[in-house]
Amino acid sequence: MAKEIRNREENYSEWYNNLVIKADLAENSAVRGCMVIKPYGYAIWEKMQAELDRRFKETGHVNAYFPLFIPKSFLSREAEHVEGFAKECAVVTHHRLMADPGGQGLIVDPDAKLEEELIVRPTSETIIWNTYRNWIKSYRDLPILCNQWANVVRWEMRTRLFLRTTEFLWQEGHTAHATAQEAMEETRRMVEVYASFAKEVMSLPVWIGPKTESERFAGAVDTLCIEALMQDGKALQTGTSHFLGQNFAKAFDVQFANREGRLDYVWATSWGVSTRLMGALIMAHSDNNGLVLPPKLAPIEVVLVPIYKGEEEMEAICSHLEALKVRLQERGLSVKLDNRDNVRSGYKFSEWELKGVPVRIAVGPRDMQNGTVEVARRDTMEKQVLSLEAIEHTVVALLKEIQDNIYRKALDFRNRNTFEINNYDEFRERIEDGGFFLCHWDGTAETEAKIKEETKATIRLIPEREDPKPGKCMYSGKPSAQRVVFARAY
RNA sequence: CGGGGUGUAGCGCAGUUGGCUAGCGCGCCACGUUCGGGACGUGGAGGCCGAAGGUUCGAGUCCUUUCACCCCGACCA
């Protein structure tokens, strides 16, 4: 299936777009580069939010909320941060509209010009650190472990549903610590939270590791990330966790009295994942029949479809299914009984497959007689006729099996598409087919830039190995401490 | 911002060297027959042909301008 998709790589964008729209997840809005997340798509996001939030709380974090608007001067405080974000921001310059004196409509009231422009947040480090200054006086105030669920705006030149929209939803954690070590541990802890979330909830295998200097977040000392492989062979960064050192504390003058009574700057981290995760989910698991949702993220885990002739039979089967629905719900499952009488069952089958519902149970007159149901699983498209007895146990077990199987499938795909390459010519050739490439690199930004220029491949991360094996850079032949992960990326 | 493409019904499209009443499929509404993998028949509703200007007896079609969207780059979670 994956191969089928990759064979039409030139149409992958179209495939993805169509899938998103047909599966009723999202559409383009009237506003440039923004998207409308439709109810079915948003339900998936809510499930992600709930799972992530639970994990954040488990690791000692609390939620808070900071303003949407950031005074322009804040953004210019941290030099590298300016470089990274200044070029792509939405700016509020006025606070009032007025009727056009010359005709119809509204114009911006020229008298309502703001003294200092406000930036719609592209990320919240600056406004948060400006706030933290007031919260932190002593080591006793630390650590601060805040997260916020918010929307941010980045005026990217090119947009794509879920992957790169002008406005997107995300969570951003911002923590403050007394020591560098504590902050580094936090950075590590959160990237691990993302990785286990990806694996356990999204059924998505990811690589973990630090970025190279050139790929780092603007203003970070170190950026850890998770990277996943999509079915067209391209990599997707699905989460980041940054060790910010004392950069923002210095820029916003956030100092605290330590145990020895001396003033020191606070150590910081920030970490985030966004609605891009939805894009990853779609591109990693879907097949040509539509979405394939891991049960833990499926808004509907089980759909019940009656098969009938005539009103009488329909009523009998539907009331039978109502009872089954209750039985399944009592097991904590999210169940939909599709009792529409204006479409036929075959139509319903296709529609729920398109939406990625993991398990479908169909019941017709034959089943009514035999006390059976037809159970179909979305991941493999297999069907089997089972006894109605203890069906709820079977379904619960099946959902778990599907969750695991989707992961195994994605892991297998990634393993089959991860290559160790030593020769640059071979690399150039093989990169065209996509995948992750483990190669030696001399550690210089120049080599990294050359390779990117010549092949469009970037270093996604430096994988963490217990015993890194040294070698020679495939490009320059110079010594390399270990292999790094190259890929073409979204 | 560069290169390519597309704008005609809710969606997907056709529309000849300009020609008179703008079409098809899907969907929608009504009725009937159907119903174990995207049903069928009959009837019906739905369009300033992206926008503005021009050429012409006549423009969906030709010319100019403009806007929007999509794809490929640069930018990026």
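As a basis for the values below, the full set of heavy atoms in this structure was taken, side chains included, without hydrogen atoms, waters or symmetry mates. Each chain gets a letter, A, B and so on, in the order the sequences are listed, and its residues count up from 1.
For B:G36, the base has no donor-acceptor partner in the side chain of A:Lys383 [N/O atoms by modelled type, under 3.5 angstrom]. With hydrogens and angles left out, the side chain of A:Glu351 and the base of B:G37 share no donor-acceptor pair within 3.5 Å. The base of B:G37 is paired with the side chain of A:Arg360 by a donor and an acceptor separated by under 3.5 Å.
A donor atom on one side chain and an acceptor atom on the other are not found under 3.5 Å apart for A:Glu215 and A:Thr458.
Rounded to whole Å, atom P of B:C69 lies 14 Å from atom CD of A:Glu27. We find that NZ of A:Lys234 is positioned 12 Å from C1' of B:C71, with the value rounded to whole Å. Going from atom NZ of A:Lys309 over to atom C1' of B:G32 covers 18 Å, rounded to whole Å. Between the CH2 atom of A:Trp15 and the P atom of B:C71 there is a distance of 15 Å, rounded to whole Å. When rounded to the nearest whole Å, the span between CD of A:Glu311 and P of B:U33 equals 12 Å. Atom pair A:Ile307:CD1 and B:U34:C1' shows a separation of 15 Å (rounding to whole Å applied).
For the pair A:Lys450 and A:Tyr475, the cation does not sit on the ring face, since its NZ or CZ is not both under 6.0 Å from the ring centre and inside 45° of the axis.
Counting heavy atoms of neighbouring residues, nucleotides and ligands inside a 6.0 Å radius, atom CD of A:Glu58 exceeds 12 of them. When the shell of 6.0 Å around CD of A:Glu464 is examined, it contains more than 12 heavy atoms from other residues, nucleotides or ligands. No more than 12 heavy atoms of other residues, nucleotides or ligands sit less than 6.0 Å from atom NZ of A:Lys336. By the neighbour-count criterion of 12 heavy atoms within 6.0 Å, atom NZ of A:Lys199 is sparsely surrounded, having that number or fewer from other residues, nucleotides or ligands.
Checked against B:C75, B:G37, B:G36, the side chain of A:Glu374 finds its nearest nucleotide in B:G36. With B:C75, B:G37, B:G36 as the choices, the nucleotide that has an atom nearest any side-chain atom of A:Lys452 turns out to be B:C75. Comparing B:C35, B:C75, B:G37 by their nearest atom to the side chain of A:Ser350 picks out B:G37.
Two residues, A:Lys456 and A:Glu353, neighbour RNA chain B, and the one matched to the more 5' nucleotide by heavy-atom proximity is A:Glu353. Heavy-atom distances to RNA chain B give each of A:Asn342 and A:Leu236 a nearest nucleotide, and the one nearer the 5′ end belongs to A:Asn342.
Pair assignment for B:U56: none, as no Watson-Crick or G-U wobble contacts are both less than 3.5 Å. The nucleotide B:A30 finds its pairing partner in B:U42, both defining distances of the Watson-Crick or G-U wobble pair being shorter than 3.5 Å. Remark: B:C1 base-pairs with B:G73; criterion is Watson-Crick or G-U wobble with both hydrogen-bond distances under 3.5 Å. Base pairing annotation: B:C20 forms no Watson-Crick or G-U wobble pair, as no partner gives both donor-acceptor distances under 3.5 Å. The partner of B:A68, taking Watson-Crick or G-U wobble pairs whose two distances both stay under 3.5 Å, is B:U6. Look at B:U61: it lacks any Watson-Crick or wobble partner with both distances under 3.5 angstrom.
At the heavy-atom level, A:Thr458 lies nowhere under 4.0 Å from the strands shown. Residue contacts for A:Phe168: at a heavy-atom cut-off of 4.0 Å it reaches a base atom on one of the strands shown. Within 4.0 Å of A:Gly310, counting heavy atoms only, lies at least one base atom of the nucleic acid. A:Asp367 comes within 4.0 angstrom of a nucleotide base, judged by non-hydrogen atoms across all strands. Counting any heavy atom pair closer than 4.0 Å across all strands shown, A:Gln237 reaches sugar-phosphate atoms only and no base atom. Residue contacts shown for A:Leu163 include a base, since a base heavy atom lies under 4.0 Å away. A:Ser274 comes within 4.0 angstrom of a nucleotide base, judged by non-hydrogen atoms across all strands.
Between B:C70 and B:U8, the two P atoms lie 14 Å apart (nearest whole Å). Using atom P as the reference point in both B:G60 and B:C49, the two lie 7 Å apart (nearest Å).
Neither OP1 nor OP2 of B:C75 sits under 4.0 Å from any side-chain N or O of A:Arg158. In terms of phosphate contacts, A:Asn17 brings a side-chain nitrogen or oxygen within less than 4.0 Å of OP1 or OP2 of B:C71. OP1 and OP2 of B:C11 both lie 4.0 Å or more from every side-chain N or O belonging to A:Asn18.
Applying the 90° criterion around 0 to the glycosidic angle, B:C31 comes out anti.
Across all their heavy atoms, A:Arg154 and A:Trp170 have their closest contact at NH2-CH2, 3.4 Å.
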